[in-house]
Amino acid sequence: MPVRIVIGAQWGDEGKGKIVDLLSADAQYVVRYQGGANAGHTLKFDNTTIVLHLIPSGLFNGNSKCIIGNGVVIDPIALVEELEEVQEHDVDLEGRLFISSSAHLILPYHKVLDKVKEKSRGSDAIGTTGRGIGPAYVSKVSRIGIRMDDLLDENALNSKIRKNLKDINVALENVYGEDPLDADKMIEELKPAIEKVKPFVCNTSQKLHQALIDGESILLEGAQGSLLDVDHGTYPYVTSSCPTAGGACTGSGIPPLAVTHAMGITKAYCTRVGNGPFPTELDDEYGETLRKNGQEFGATTGRPRRCGWLDLVALKYAVQLNGMNELALTKLDVLDDFDEIKVCTEYELDGKTSRVFPLDTENVEKATPVYKAFEGWKSSTRDISNFEDLPEKAKNYISFIEDYTGVKFNIISTGPKRSETIVR
Ligand code: GDP
Ligand code: IMO
Ligand code: MG
């Protein structure tokens, strides 16, 4: 049975939530493997819209079991808010949701650190979501992190929080000129959330190993996107985890050789939230139209997303980085009104053209996109669910991307709803 990783092929917000929800009907397990509540994955079906931040997008279509893997960083307060929201939609989480005992916690001090560090970076700020992601992964790799299994022993948990806070308060007061945080107050505020989260904590790698033995179908849901990967993205303007395919294995306990499919999700254009280089960004009326027609405002922070034409140099890099053998194209309908649509096929750098995505951020910043222009199809593709019904000019656009990347689109999305999809 397939073990499929679903990965953002750009800078996040490609429509991973929609695609995972769609595919989850045929999956026994859906697993988040990295990131935290910085993610915002939107699901739309019938008259329902749900934005998930931590819970995998597999609860609403079929009966798959959902796992928050060891690679995720979990803010217990944010998680409880989300559990309650999901329960309002009549989903019984017992036997459906499992949280890795090895996943690390995001505590209130991580969120405070995220904010004060961003403030102190001034004009070099990364534009983080402020959800404490970077500082939580710092705690993890510094080996002072607190994990979900620590929730099971209250005394030990409290003494770890106090110990960590002692050091953090020194930094808050002396480096950042902020007020220290109160450990007792923090522990008290966390208590109710911890009690609600505890029953879901278990050994999720073992569950997944058994699922592999039983030949069950597993979907691994990436958050963020390949170009936000801490190793392979536009460093330092990245998140602090590995959304790319390798991260799916370390973040879940699934061995690389068990993976059968790597599906990249790309929009028919590009967006980015936060700071950092974005070669095809449009600071003009076209960018504004993409933002308006695509409703490009952050699902987590509400920030307007930066918009630009599709960047094939970056997409091909993502395909190679992840070994993507499947692609899904989303938001094709957002291009319906354009007279002309462009795609970047090469970068011009220091007088030379290249199809290689530079690894240093300064060169990505400097790269001038070379475009190929397509005539727009100027008709509605919204809701089309049969490939043959797409306008010829849209088919040409799609097949050019497929030829460039060498990968076919198995899925083409023509609207936010589950039903607005072409599956080939
Ligand atoms: P994710 O983080 O990758 O899951 O993506 P987000 O949920 O942050 O952003 C994608 C947005 O586009 C959401 O509002 C989706 O409802 C919407 N969306 C997804 N696919 C399509 C599509 O094909 N067409 C349109 N118009 N909207 C889409
Ligand atoms: P989904 O899963 C888009 C961006 C932030 C910032 C950078 C670092 O919905 O695609 P962080 O808070 O992670 O330390 O911020 O990463 N970012 C995202 N951009 N989609 C996301 O998630 C993102 N998660 C983080 O805007 O630039
Ligand atoms: Mg999102």
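Atoms within each ligand, like the ligands themselves, are counted from 1 in listed order.
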Any N or O of [X] that comes nearer than 3.5 Å to an N or O of ligand 1?
| X | value |
| --- | --- |
| Thr330 | no |
| Leu332 | no |
| Gly415 | yes |
| Val334 | no |

- Message: Counting only heavy atoms, tell me which of Leu329, Thr42, Val273, Leu43 gets closest to atom 14 (O) of ligand 1.
- Response: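 When every heavy atom of Leu329, Thr42, Val273, Leu43 is considered, Thr42 comes closest to atom 14 (O) of ligand 1.
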- Task: Identify which of Lys44, Lys331, Gln224, Gln295 has a heavy atom lying nearest to atom 11 (C) of ligand 1.
- Result: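 Ranked by closest heavy atom to atom 11 (C) of ligand 1, first place is Lys331.
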- So which of Leu312, Asn325, Thr405 actually passes side-chain contact (heavy atoms from CB on, under 4.5 Å) with Val319?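 Answer after filtering Leu312, Asn325, Thr405: Thr405.
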Which atoms of ligand 1 are found less than 4.0 Å from any heavy atom of [X]?
| X | value |
| --- | --- |
| Lys18 | 20 (N) |
| His41 | 1 (P), 2 (O), 4 (O), 7 (O) |
| Ser413 | 20 (N), 21 (C), 22 (C), 23 (O) |

- Worked verdict on Arg32 versus Glu221 for salt bridge (Lys or Arg N to Asp or Glu O under 4.0 Å): CA-CA 5 Å; Arg32 266 286 301 273; Glu221 176 180 5; 5.7 Å; no
Looking only at protein heavy atoms, which one is nearest to [atom], and what is the separation?
| atom | value |
| --- | --- |
| atom 16 (O) of ligand 1 | Pro416 CB, 3.4 Å |
| atom 4 (O) of ligand 1 | Gly17 N, 2.8 Å |
| atom 10 (C) of ligand 1 | Asp13 O, 3.8 Å |
| atom 6 (P) of ligand 1 | Gly40 O, 3.5 Å |

Heavy-atom count check: over 12 atoms from other residues, nucleotides or ligands less than 6.0 Å from [X] [atom1]?
| X | atom1 | value |
| --- | --- | --- |
| Glu365 | CD | yes |
| Phe387 | CZ | yes |
| Lys166 | NZ | no |

- Message: Filter on side chain to side chain donor-acceptor pair (under 3.5 Å), then keep only pairs touching residues 295-315, sequence neighbours left out; what's left?
- Response: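 The answer is Asp13-Arg305, His53-Thr300, Lys267-Glu296, Tyr269-Glu296, Glu281-Arg306, Glu296-Arg305, Glu296-Lys331, Thr301-Arg303, Asp311-Tyr347.
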- Under 3.5 Å, side chain of Asp114 to main-chain N/O of Arg131, donor-acceptor pair present?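 Checking the backbone N and O of Arg131 against the side chain of Asp114, a donor-acceptor pair under 3.5 Å is found.
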- Query: If we only count heavy atoms from C-beta on, is the Met263 to Ile7 side-chain gap below 4.5 Å?
  - Reply: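 With C-beta onward as the side chain, the pair stays apart.
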- Hey, does Lys417 sit under 4.0 Å from ligand 1 if you only count heavy atoms?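 No.
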- List the steps, then state whether side-chain contact (heavy atoms from CB on, under 4.5 Å) holds for Lys111 with Asp75. CA-CA 9 Å; Lys111 288 188 274 188; Asp75 173 349; 2.7 Å; yes
- May I ask you to list the protein N, O or S atoms found at less than 2.8 Å from the Mg ion (ligand 3)?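 Protein N, O or S atoms closer than 2.8 Å to the Mg ion (ligand 3): Asp13 OD1, Gly40 O.
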- Is the charged tip of Lys417 near the ring of Phe45: under 6.0 Å from the six-membered ring centre and within 45° of its axis?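 Cation-pi check for Lys417 and Phe45: fails.
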- Task: Would you mind telling me if ligand 1 is within reach of the side chain of Asp333, the backbone, both or neither, using heavy atoms under 4.0 Å?
- Result: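 It is the side chain that touches ligand 1; the backbone stays farther off.
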- Item | For ligand 1, the portion of Thr414 having any non-hydrogen atom under 4.0 Å away |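 Looking at Thr414 and ligand 1, just backbone atoms fall under 4.0 Å.
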May I have the N/O to N/O pairs between ligand 2 and the protein that fall below 3.5 Å, each with atom names and distance to one decimal?
| residue | atom | partner | partner atom | Å |
| --- | --- | --- | --- | --- |
| ligand 2 | 2 (O) | His41 | NE2 | 2.7 |
| ligand 2 | 2 (O) | Gln224 | N | 2.8 |
| ligand 2 | 9 (O) | Asp13 | OD1 | 3.0 |
| ligand 2 | 9 (O) | Gly40 | N | 2.9 |
| ligand 2 | 9 (O) | Gly40 | O | 3.2 |
| ligand 2 | 10 (O) | Asp13 | N | 2.8 |
| ligand 2 | 10 (O) | Asp13 | OD1 | 3.4 |
| ligand 2 | 10 (O) | Lys16 | NZ | 2.7 |
| ligand 2 | 12 (O) | Thr129 | N | 2.9 |
| ligand 2 | 12 (O) | Thr129 | OG1 | 2.6 |
| ligand 2 | 13 (O) | Asn38 | ND2 | 2.8 |
| ligand 2 | 13 (O) | Thr239 | OG1 | 2.6 |
| ligand 2 | 20 (N) | Asp13 | OD1 | 3.1 |
| ligand 2 | 20 (N) | Asp13 | OD2 | 3.4 |
| ligand 2 | 22 (O) | Gln224 | NE2 | 3.4 |
| ligand 2 | 24 (N) | Gln224 | NE2 | 3.1 |
| ligand 2 | 26 (O) | Gly127 | O | 3.4 |
| ligand 2 | 26 (O) | Val273 | O | 3.2 |
| ligand 2 | 26 (O) | Arg303 | NH2 | 2.9 |
| ligand 2 | 27 (O) | Val273 | O | 3.1 |

- Using the ring of each side chain (for Trp, its six-membered ring), is Tyr397 parallel, tilted or perpendicular to Phe374, with breaks at 30° and 60°?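 It falls in the perpendicular class, over 60°.
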- Going by distance alone, is a donor N or O of one side chain under 3.5 Å from an acceptor N or O of the other, for Glu348 and Thr368?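 Glu348 vs Thr368: no donor-acceptor pair found between side chains.
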- Task: Evaluate the criterion side-chain hydrogen bond (donor to acceptor under 3.5 Å, both in side chains) for residue pair Thr414 and Asp333; output intermediate values, then yes/no.
- Result: CA-CA 5 Å; Thr414 56; Asp333 55 296; 5.9 Å; no
- Going through the checks in order, is the salt bridge (Lys or Arg N to Asp or Glu O under 4.0 Å) test met by Glu402 and Lys395? CA-CA 10 Å; Glu402 292 179 329; Lys395 286 186 196 159; over 6 Å; no
- Message: Test of understanding: with side chain to side chain donor-acceptor pair (under 3.5 Å), list the residues that count as partners of Ser102, not counting sequence neighbours.
- Response: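 For Ser102 there are no side chain to side chain donor-acceptor pair (under 3.5 Å) partners, ignoring immediate neighbours.
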- Item | Pair Glu420 + Lys44: basic N to acidic O under 4.0 Å |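 No.
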